[in-house]
Structures are given as structure tokens and as C-alpha cells.
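To start, the structure itself, in C-alpha cells.
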Protein chains: 2
Amino acid sequence: MRDHDGSGHDADGRGYDKYAFEPFAVTVDLAVLTLRAGALHVLLVERGQEPYAGRWALPGGFLLPEESAEEAARRELAEETGLADVTGLHLEQLRTYSEPGRDPRMRVVSVAFAALVPDPHPDSVRGDPRPAPLEPHGGGDAAQARWTPYDAARGLAFDHDRIVADARTRVGAKLEYTCLATAFCPPEFTLGELQQVYETVWGTALDRPNFRRKVLAAPGFVEPVPGAARLTSGRGKPAAVYRAGPATALHPPLLRSPREGRPA
Amino acid sequence: MRDHDGSGHDADGRGYDKYAFEPFAVTVDLAVLTLRAGALHVLLVERGQEPYAGRWALPGGFLLPEESAEEAARRELAEETGLADVTGLHLEQLRTYSEPGRDPRMRVVSVAFAALVPDPHPDSVRGDPRPAPLEPHGGGDAAQARWTPYDAARGLAFDHDRIVADARTRVGAKLEYTCLATAFCPPEFTLGELQQVYETVWGTALDRPNFRRKVLAAPGFVEPVPGAARLTSGRGKPAAVYRAGPATALHPPLLRSPREGRPA
DNA sequence: GCAAAAGTGTTGCGAGTACACCCATGA
DNA sequence: TCATGGGTGTACTCGCAACACTTTTGC
């Protein structure tokens, strides 16, 4: 039985010495997701060095000596997005990837996160010329950063294809039984915008009246902003404006039924 | 932007050198769960060394240079339980715990797993004197290993209280929408035994006829063993015997309704 | 007026709960 | 024959999908 002791060898005497090994590097990788122009997008950076020079990859980096993986992920997120306030953004630990060959140079154990951010380029329709809340930039480095449609994010460096796929699966599943969808929305949003989150991530169309009822029936999911109303696409009746509520879990869940709605 | 390059410093030039730091140790921790005498049990080991000498802890240990966290977890599981065939057992990666102070001696980043194993001490009722499929032992070490009821597993070393709680939460949730429950059962089981898994983990009583229908209605969840029948508690009608089916996800899910069944 | 988007009302089907009932076995 | 657990049948209910309809805006 190996154990957490500091004796320099494991308890069954096989001579395990943790300092004798090539050190393990511990990193975080971030799948920063957003919804843009009705499609799921991922933030990618272009690699400057080998291996995988010139290939696109997820942003990420090493843990500092005195920070947890969550803190490192939030720090990286702030650096990558240039957004001042990342404290409110949802960070979701996906899983840890530790296969020996995943980095050709050394053992790199990577803790992967999904981060959900509101659309960095809101449609900029009339009456809402808000400054874009975040714009990717490549740090002080020459490498560029870019929002890429989920379907075009293939052939990434390392095992990042798999991380991106895992992020999408996890987020899609969590929309069903948590209040996660509001993390894709700006602080104030309409039910139509919230419905677009579900439709985009799930790839299905939902019945608007039923969606509305289910969302409003879930206690603490959203709460109305009194008196506020906003036009969403320039036409039609102005929609009531809502904020994210205090709940995190969603009861009852919003199941994606195999036959709900018409195909997108 | 920090990144996975091997240049010895991060891309924004702050002079990060991964070899200059105290190396990170990477370990796995296992919450080995089973159902025994109608209660959820956790496998604990007694620590021999400081810190936390004499305290109970989860089994676990360091990653070897050429194995992934999953492989390390399965190796530890085999060593701890003494079970010859751990290939079929369900291993579930929970999350990674990386807070700087979680081990007082050095930075230890730990990937936590939940392992679900069948009852190591089947009731041994008449007609079924199968050998106990696994018995904990303390490796070659003096430290002992013991099955402990979930409710009594408090005051563990390190942050293992939290890991155990996370394991229970995850397993409880996954019973709803995956076929995970069969992982607690021996290869062949009755629907009554499967129902006890749900009732024990959820702490609620379920209506037997309805449970039966839901399980059989889920395609690929269980499949009958033709002609087999078994007495479960010595009395009553022999129950039909089932095997785990090929499905992993559960459609439709088996929701724990707030008002289903009478309280346990 | 027309199109487009928000929001309300209503109906019918079906899933699922609750419960009554029969079956097979050991003591 | 009684207690115990397995297994079947059924009725009532509530959720919810489907769709018709009204309201408010821009053009």
C-alpha cells in the first residue's frame, strides 16, 4: 500500500522515492466557451514553439507554487480574455488528463476546466452599443488568440481535441439539471436569449411557450428585473428582462427530450 | 499567456522555470465504496506515519513514471482490496484537489477516484456460500484497512472528508441517469438487490412494482439470465436473475422524486 | 397593414405513482 | 397456513408537448 507519507519509499518497500523521478509538471488547460452568432465558440491560441508549433491549442499554463488549480485557471482566464472581472464567471473542473505520452517532452498532468463567458461580440444591434466585454489577446506574446466555432476546432495540439469535446458534453449535460445556462448570458437577459443558449448548445429547437413556463416554474433560476424591457432583434414586442437567480441546481430539470420541438 | 512550451519561462516573460520549483507530487486517492448490510461503506486505511499518524485515510499513492492516474488508481485498488480481477470494476474520476496546504509537507496534487465494488461479505445465507470476493488487507505494511460505514467515516486525514462526501454525491447523482448501480452488484443479481442499491444510496424507499417496470423499460440496463432464479433472503419466491446490460446511459432516467415511495 | 418577436390559454396524451392482487417458497 | 419476498395488473393524476391565439413593436 502506497501512501501519503514522506518517508521516501512506499509502504510495501519497493523503494519508491518521489524525488528520484523526473518531476511531474502540473498545468491547467482551459476550454473557454461562448455563444456567438448562434454558434458555440472556443477560445484558441496559436502555439509559437515546438511541439505543435503553429498549431492551435487551448490556453493554459503551469500552476504557481502557491495557487490551486482553480486559482491558476482563473488567472489564466483573466490573462487570456483581458477581462477585468473574471470573479463572476463560471469555472467548471472537467477532469484531469495524465496519460504519460500526452506531452512528448515530459510528464505533464493537466487539470482541465471549462469556462463559460457571455458573447464577447453582442450583435451590436441598434440601441445596444455596449463595449465588447472581452476581447482575446495573445498576452505580450506573438502568439494570437482567436474565437473559433466549435465545429472548426479540430486538429488541436496535444489531446486538446478531446478536452474540447469533453467540455461540450459536460456543458450540454449540465444545462439540463443546473442553472448553468445563465453563465453564457450577460448580467441581464431575456428569455429568448436564454432559450437560444439551450438551442445552440443542444442543437435542437425548443417550443417557446413551454420553455418559458419551465424556466419560470423553476424556483430561483431567473428573477425579473422590474420594469425593464428590451428589444432583442429590432423587431417585435420588447421582451421582459431577467437576472440569474440564486439557485444553482434546477428543479425540475429541463430535459432535452428526444422528440421535443422541431429540428433546428 | 503561459503555455505548454519547454522554453523554461512563460510566454509573457516572467521568468517561470518549472525546474526551479519544489516538484509537485501527483497522487491518486480512492474512495472505494460498497454496500454492506444495507449501508454504504468506505474502505479506509490507518496511517502509520506523520502527519495524521493513527488517523484513518483513503487509500492512495503516487503515480509511477509510466502510468496514468487511471492506471495508478486501478493498481492501488487491486493492492488494497486484494482482488485478482479489478478490470471490470467501475472507476470514476471525481476531481482533482490541488489546494496548496492540503498536505503540510509539500505540494501534493491528488486526482480522486470513486471505485464501486460489490459487497465483499454477501449475506452468506443458505445456499450461497460464495467465497468473499474481496477482503481488505494492509498490503505488506502494518497499517490496517477496514470497511467503515459512510456515516462513521469522519475526521479523516488530509481533505479526505471532502473527497468521501464528493464521492457519495457523485454516485448518488449518477445512479439517476446512468447504469452505474449494477457496479455495486455481483455479476448476477436480482431486481430486489438492484433496488436495494438505489434505496441505500439515496436513503429513500422505492415502490417495487414501479422500480421493476422502470428498470426493465430502460433498454440495455439489465438483461435476464435465462432460466436462472435465486432466493435472496431465504424466504419468499425465488427471484429472476439478471446481468448488467450493454448500456451505460439510462434512458429514461430513474429520477429520485421528492415524493416517490415512503420514507425509508 | 404586415412581419416579427413576446407572451397567454387550452387541450389531449402519456408517463408514472399508488395500490390491489396473485405466486412461490421456507418454516 | 402464515410470513415473506417476487411479480402482474390497473386506475387516477399530473406534467407537459402541441398548437391556437393575443399583444406590441419596426418598417
Side-chain angles (χ1 to χ4, degrees), chain A residues 38 123 125-128 176-177 188-196 198-199 202 204-219 222 224-225 227-242 250-263, chain B residues 38 123 125-128 176-177 185 188-199 202 204-219 222 224-225 227-242 250-263:
Chain A
D123 262 355
V125 286
R126 64 225 88 189
D128 189 8
E176 293 192 13
Y177 55 95
E188 300 195 338
F189 52 87
T190 70
L191 293 187
E193 291 165 347
L194 187 65
Q195 183 173 346
Q196 279 183 32
Y198 280 89
E199 293 184 330
W202 287 352
T204 57
L206 301 173
D207 183 79
R208 186 162 36 81
N210 294 333
F211 177 82
R212 171 185 198 76
R213 262 186 294 265
K214 285 195 242 185
V215 168
L216 296 178
V222 297
V225 177
R230 202 176 71 214
L231 283 170
T232 47
S233 327
R235 283 256 270 281
K237 184 174 175 176
V241 175
Y242 292 84
L250 196 50
H251 284 294
L254 230 94
L255 300 173
R256 50 182 148 173
S257 153
R259 67 187 182 291
E260 160 124 16
R262 324 119 222 169
Chain B
D123 264 354
V125 286
R126 63 224 87 189
D128 189 7
E176 292 193 13
Y177 56 94
C185 296
E188 300 196 336
F189 53 88
T190 70
L191 293 186
E193 291 165 347
L194 187 64
Q195 183 173 348
Q196 279 183 33
V197 171
Y198 280 89
E199 293 184 329
W202 287 351
T204 58
L206 301 174
D207 184 78
R208 186 162 37 81
N210 294 334
F211 177 82
R212 171 186 198 74
R213 262 186 294 265
K214 284 194 240 185
V215 168
L216 296 179
V222 297
V225 177
R230 202 175 71 213
L231 284 170
T232 46
S233 329
R235 285 259 267 281
K237 182 175 176 176
V241 176
Y242 292 84
L250 197 50
H251 284 296
L254 231 95
L255 300 173
R256 47 181 150 176
S257 154
R259 66 187 184 291
E260 159 125 15
R262 326 117 223 170

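Here the structure is a predicted model, which is why all the values come from computation and not from measurement. Note: hydrogens, waters and symmetry copies are ignored here, and every other heavy atom, side chains too, is used. First the proteins, then the strands, lettered A, B, ... as listed; each starts at 1.
Looking at residues two or more places apart in sequence or on another chain, you find a side chain to side chain donor-acceptor pair (under 3.5 Å) between B:Gln195 and B:Glu199. Qualifying side-chain contact (heavy atoms from CB on, under 4.5 Å) partners for A:Pro224, counting only residues two or more places apart in sequence or in other chains: A:Tyr242. Take A:Pro238 and apply the side-chain contact (heavy atoms from CB on, under 4.5 Å) test, not counting sequence neighbours, and it matches A:Ala229, A:Leu231. With sequence neighbours left out, A:Arg213 forms a side-chain contact (heavy atoms from CB on, under 4.5 Å) with A:Pro209, A:Asn210. Every ring-ring contact (aromatic ring centres under 6.0 Å, His included) that B:Tyr198 has, sequence neighbours left out, goes to B:Trp202, B:Phe211.
Within 4.0 Å (heavy atoms only), B:Ala229 reaches no atom of the nucleic acid at all.
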What N/O pairs connect the protein and nucleotides 19-24 of chain D at under 3.5 Å? Give each pair on its own line.
from, atom 1, to, atom 2, distance (Å)
D:dT24, O2, A:Lys237, N, 3.2

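Rounded to an integer number of Å, the gap from A:Arg256 CZ to D:dC16 P is 17 Å. Between the CZ atom of A:Phe211 and the P atom of D:dA17 there is a distance of 12 Å, given to the nearest Å.
Residue B:Glu176 comes nearest to B:Arg256 through the heavy atom pair OE2-NE, 2.7 Å, listed as atom of the first residue, atom of the second, then distance.
Residue B:Arg212 has a polar side-chain atom (N or O) positioned under 4.0 Å from OP1 or OP2 of D:dG7.
Place A:Arg235 and A:Leu216 on DNA chain C by their nearest nucleotides, and A:Arg235 ends up nearer the 5' end. Along DNA chain D, the nucleotide nearest A:Pro253 and the nucleotide nearest B:Leu191 are compared for position; the residue whose nucleotide lies closer to the 5' end is B:Leu191.
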